[in-house]
Each structure stands twice: as structure tokens, then as C-alpha cells.
Amino acid sequence: MPSRLLDALLLAMPLPENLETWRQHLKSQLPYPVQGAQTLFIGEPTLVIVAFQHDQVEVFFPAIQWRHHDIHTAKPRSQGVISSHDGTLEQLLALVEETIALRLKSFHECSFCGSRCAPEVLGSMQGEPVCRECMKGRRVLF
Ligand SMILES: [Zn+2]
């Protein structure tokens, strides 16, 4: 699983030139905020995770595993690997876009305010999906 601490340590080692070019492309060309260095966390909330290793790039779907009613842990699921030897930036971008589309599909509309939210920030009230902000508002009212 990608970790931001490991990420910081790995950054000390430079990536092969083509992977560095792909990394810069993802950081600057996508219409989403990007965090991280060697592992990129794209979108807020995270829509896709792209982990640069020394001879390949692995793309992860930021899946969430529920452990309790409102406790969850990140369990990224691999969507595929692009090799630095025979892979292309186009292949990487296609995989990234596919994963973003899949992630956006997993979002649900809050039944109170109508905003589309990641499943991990949605709770439920009388069987209807409700976002965290609306939950807070309701608690104050009661
Ligand atoms: Zn809401």
C-alpha cells in the first residue's frame, strides 16, 4: 500500500527519465489537486493514486474498507501496472482516467444538499445517504 512516509524516503532516489516526465505530466496536466511526490494522490477527495516505482508505475483505485459504522481504512486496489520499458504515457493516462471515472461512479448524492460525495464521507439517516456536513447540521438541530 502506498504510504506518504515511505514516499518521502523514496524520493531521495531519482526516477528514470521517462517516468519523471510522466510524473511531471500528471502533476501539471490534470484538472485536480495533486499531493505527494513519488506516489501521487490525485483529487480531493482522492480519486486515483499513482505510485511511481523504479521500473514501473502502478495505478490504484482508492477503495475504502469499512471496519465499523463510521470507521474506515484506505485499502487501495491495484488497477494495473505500466512498465517504463514498453509502456507509454498514453497508456498511463488512459488507466488514470478509467480509474477516476470508476471512482466518480462510486460517489452518491446527499439526500439533503444534493452534493455528490465520496462514499467514505456519507452516512445514512433513515436509510437515505447524507453527507458529513448535513449530518453535523442535523445534530445541532436535534
Ligand atoms: Zn449534504
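In what follows, residues are counted from 1 in the order of the sequence shown. First listed ligand is number 1; within each ligand, the first listed atom is number 1.
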Are side-chain heavy atoms of I49 and L40 found at a separation under 4.5 Å?
no
Taking 2.8 Å as the upper limit, name the protein N, O or S atoms near the Zn ion (ligand 1).
C110 SG, C113 SG, C131 SG, C134 SG
So, are K105 and E98 salt-bridged, with charged N and O less than 4.0 Å apart?
no
Count the heavy atoms of every other residue, nucleotide or ligand shown that sit under 6.0 Å from CD of Q29, and state whether that count exceeds 12.
yes
Where is the tightest heavy-atom contact between E120 and R132, given as atom of each residue plus distance?
O-NH2, 3.4 Å
Shortest non-hydrogen separation from S78 to E58 and the atoms involved:
OG-OE2, 2.6 Å
Report yes or no: does S83 contribute a side-chain atom to a donor-acceptor pair with the main-chain N or O of H85 at less than 3.5 Å?
yes
